[in-house]
Amino acid sequence: MTTAPARPDGAAQPADRSWIARLRAIVRAGGPSAAAELGDLLAGARAHLGASHPIALRIAAATERELSRTRQVDETVAAWSAVHAEAEVSLGPHDPVTMEIASGHLRWLARRARPDDLRRALTAQRAELARRRETLGHHDHWTGVARTDLAVTLLTLPLLEPDTRRTTAEAAELAAEEAGRRAAVLGGHHVLTWEARALEASARLAATGAGQGTAAKAARENGPGPTAGTGRATGGRAGGGSVAEAVAHALTVAEACVSLGGPLDAGRQIRAALLTAEAHLAADRPGDAERAARLAAGLFAVRSRPWWGGADPGRPWVVIARTGARADAAGHAARALSERSRWFPADSLWRAEVTRLLHTLDGR
């Protein structure tokens with residue numbers, strides 16, 4: 001999820017500054033106790049300031065961000081929805097806290113991916129981006145957040161619509177625009193600039209329609225399945241570039257992960273590993289794709305917060321299932337379904353994706 005900058009305190013009173021200082025200290029320290037500490041801080045802020053106070057809502061946003069990594073998606077969407085409704089009434093849509101909360105709510109709504117979730121999120125995110133472009137300009141931070149949110153949802157649409165070449169190309173354009181904005185403001189080697197470039201690289205790969213993998217190719221011989229792509233073979237062109245160009249770009253971005261400043265956290269490693277796996281899958285290099293996906297799976301396994309890195313824990317196993325021999329692929333797909341069943345509701349399109357893959361691999 002996009003990380004928002006610290007909101008200026010403005011004319012905060014001394015007591016207000018105390019709440020803000022405690023919030024910043026907890027977020028900065030992180031660790032396994034952060035969720036509980038934020039929950040206690042939120043309860044105190046609501047008791048002393050009221051649930052509609054700007055500082056209480058700011059603490060609520062930070063609390064939901066942390067809790068969202070460790071609980072089922074239905075519960076997360078409901079929590080973000082309640083906080084979003086409170087912020088809209090108390091602060092209005094133009095307040096930075098409301099915009100941060102709207103981002104969290106709509107991101108998780110799209111991530112849950114019930115049949116109507118993606119359309120609802122897409123409509124709301126398009127409206128948010130249009131409003132912020134008009135009121136804040138194209139280069140404002142919060143316009144960039146809305147731009148990124150929309151790009152992420154557009155990349156989820158293949159779960160719902162079979163032909164998404166236009167939307168994946170749009171996602172790539174939005175991500176490229178945002179990467180340029182962040183590079184100009186933050187510098188080319190900033191972590192947030194890299195995140196936008198990684199999103200663009202994923203979108204460019206998706207726009208090629210490649211990346212079906214060895215198992216999917218074998219399954220396709222028995223008829224179309226959920227892994228059937230909309231692009232052409234490895235030498236084709238889509239989204240303004242060839243598969244080879246998209247693969248080379250994605251691998252370059254993934255490798256740049258290690259050259260960024262600061263500690264190499266697990267979230268960034270997971271994103272880089274999955275991007276590497278997607279690139280090798282698109283290039284029809286299943287062995288390399290499987291190794292990268294297994295690295296991502298291993299990083300998920302050792303994290304106390306399973307959503308670290310912005311991808312669900314079942315994603316690496318979907319990639320592995322699409323790379324392996326037919327006999328092994330079904331077992332890996334079953335592992336993906338097991339992982340996703342822990343987090344997504346029964347009617348989530350993420351679970352349906354793996355169920356269809358299993359049926360295809362089993363010849364059903």
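Starting from 1, each residue takes its place in the sequence as its number.
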Is any side-chain N of the basic residue among R120 and D117 closer than 4.0 Å to the acidic one's carboxylate O?
yes
Show every side chain to side chain donor-acceptor pair (under 3.5 Å) that has at least one partner inside residues 28-43, sequence neighbours left out.
S33-E37
Between atom CZ of R65 and atom CD1 of I101, what is the distance when rounded to the nearest 0.5 Å?
9.5 Å
Answer yes or no for R197 and W194: cation-pi contact, defined as NZ/CZ to six-membered ring centre under 6.0 Å and angle to ring axis within 45°.
no
Rounded to the nearest 0.5 Å, the OG1 atom of T63 sits from the CG atom of L42 at a distance of 4.5 Å
Least distance between heavy atoms, H280 atom then A289 atom:
CB-N, 3.6 Å
Is any side-chain heavy atom of R111 less than 4.5 Å from a side-chain heavy atom of T156?
no
Which atom of L358 lies closest to which atom of A334, heavy atoms considered:
CD2-N, 3.8 Å
Can we say D140 and R132 salt-bridge, meaning some charged N sits less than 4.0 Å from an Asp/Glu carboxylate O?
no
Between L186 and L199, is there a shared hydrophobic cluster once you connect ILVMFWY residues whose side-chain heavy atoms come closer than 4.5 Å?
no
Side chain proximity check, D95 to P93, heavy atoms < 4.5 angstrom
no
For E245, is there any backbone N or O sitting under 3.5 Å from a side-chain donor or acceptor partner on H249?
no
Taking NZ, NE, NH1 and NH2 as the nitrogens, is one of them in E353 or R322 under 4.0 Å from a carboxylate oxygen of the other?
yes
The reported gap from CG in L275 to CD1 in I270 (rounded to nearest 0.5 angstrom) is 13.5 Å
Does the pair R46 and E86 meet the rule for a salt bridge (Lys or Arg N to Asp or Glu O under 4.0 Å), with working shown?
CA-CA 12 Å; R46 284 174 168 169; E86 182 65 63; over 6 Å; no
Test item: T208 side-chain N/O and L205 main-chain N/O as donor-acceptor pair under 3.5 Å:
yes
Taking the side chain as everything from C-beta on, heavy atoms only, tell me whether I20 gets closer than 4.5 Å to R58.
yes
Under 3.5 Å, is there a donor-acceptor pair between the side chain of T98 and the main chain of G92?
yes
Minimum heavy-atom separation for L361 and A333, please, with both atom names.
CD1-CB, 4.2 Å
R131/E134 ion pair, N-O < 4.0 Å
no
Should E100 and P96 count as side-chain neighbours, where that means a heavy-atom distance under 4.5 Å?
no
Hey, is the main chain of R112 close enough, under 3.5 Å, to the side chain of W343 for a donor-acceptor pair?
no
Gap separating the CG atom of D149 from the CG atom of L106, nearest 0.5 angstrom
7.0 Å
Is there a side-chain contact between L91 and P54 (heavy atoms, below 4.5 Å)?
yes
Minimum heavy-atom distance I26-A34, with the two atoms named:
CG2-O, 3.9 Å
Could you walk me through whether S202 and E278 satisfy the side chain to side chain contact (heavy atoms under 4.5 Å, CB included) test, starting with their C-alpha distance in whole Å, then the side-chain angles of each, then the deciding distance to 0.1 Å, before giving a yes or no?
CA-CA 8 Å; S202 290; E278 291 167 3; 3.4 Å; yes
Answer yes when D312 and R315 have at least one side-chain N-carboxylate O distance shorter than 4.0 Å, and no when they do not.
no
With no hydrogens and no angle check, is any side-chain donor or acceptor of T252 less than 3.5 Å from a backbone partner on A248?
yes
Under the 3.5 angstrom rule, does the side chain of Q72 hit a backbone N or O of R342 as a donor-acceptor pair?
yes
Hey, quick one: are L109 and V83 part of the same hydrophobic cluster, counting side-chain heavy atoms closer than 4.5 Å, chains of contacts allowed?
yes
For W317 and H332, the nearest pair of non-hydrogen atoms, with its separation, is CB-O, 3.6 Å
Answer yes or no: is there a donor N or O on one side and an acceptor on the other, between the side chain of T143 and the main chain of G137, under 3.5 Å?
yes
Are V253 and V243 connected in the hydrophobic side-chain network, where two residues link if heavy atoms are under 4.5 Å apart?
yes
Pairwise side-chain contact, V318 with R340, heavy-atom cut-off 4.5 Å (strictly under):
yes
Output for pair (E195 CD, T193 OG1), nearest 0.5 Å, gives 9.0 Å
Kindly indicate, with the supporting measurements, whether the criterion side chain to side chain contact (heavy atoms under 4.5 Å, CB included) is fulfilled by L157 and L122.
CA-CA 9 Å; L157 278 182; L122 196 62; 4.0 Å; yes
Run S68 and E64 through side-chain hydrogen bond (donor to acceptor under 3.5 Å, both in side chains) and show every step you take.
CA-CA 6 Å; S68 295; E64 295 307 329; 4.8 Å; no
Are T168 and L154 packed together at the side-chain level, in the sense that at least one heavy-atom pair is separated by less than 4.5 angstrom?
no
So, the side chain of T355 versus the backbone of R351: is there a donor-acceptor pair under 3.5 Å, distance only?
yes
Is there a path from L159 to F344 through hydrophobic residues (I, L, V, M, F, W, Y) whose side chains come within less than 4.5 Å of each other?
yes
Assess whether side chain to side chain contact (heavy atoms under 4.5 Å, CB included) is satisfied between W142 and E128, documenting all intermediate values.
CA-CA 10 Å; W142 293 107; E128 276 289 312; over 6 Å; no
According to the ring pair (Phe, Tyr, Trp, His ring centres under 6.0 Å) rule, which pairs have a member within residues 149-186, sequence neighbours left out?
none
So, for A277 and A293, which heavy atoms are closest and what is the spacing to 0.1 Å?
CB-N, 3.8 Å
V145/H141 under side chain to side chain contact (heavy atoms under 4.5 Å, CB included): CA gap, chis, key distance, verdict
CA-CA 6 Å; V145 170; H141 165 78; 3.5 Å; yes
If two hydrophobic side chains count as joined below 4.5 Å and joins carry through other members, does V152 share a cluster with V77?
no
With a 3.5 Å cut-off and no angle check, do the side chains of R114 and S348 form a donor-acceptor pair?
no
Pair up each side-chain donor or acceptor in residues 169-180 with any protein partner under 3.5 Å, not counting sequence neighbours, and list the distances.
unit_1: E170; atom_1: OE1; unit_2: R126; atom_2: NH2; d: 3.0
unit_1: E170; atom_1: OE2; unit_2: R126; atom_2: NH1; d: 2.8
unit_1: E170; atom_1: OE2; unit_2: R126; atom_2: NH2; d: 3.4
unit_1: E177; atom_1: OE2; unit_2: R147; atom_2: NH2; d: 3.4
unit_1: E178; atom_1: OE1; unit_2: R147; atom_2: NH1; d: 2.6
unit_1: E178; atom_1: OE1; unit_2: R181; atom_2: NE; d: 3.0
unit_1: E178; atom_1: OE2; unit_2: R181; atom_2: NE; d: 3.1
unit_1: E178; atom_1: OE2; unit_2: R181; atom_2: NH2; d: 2.8
unit_1: E178; atom_1: OE2; unit_2: R182; atom_2: NE; d: 2.8

Anything under 30° is parallel, anything over 60° is perpendicular, the rest tilted; go ahead and classify W19 against H48.
tilted
Look up atom CD in E75 and atom OG1 in T70, then write down how far apart they are to the nearest 0.5 Å.
8.5 Å
Any side-chain to backbone donor/acceptor pair from S90 onto A87? Under 3.5 Å, distance only.
no
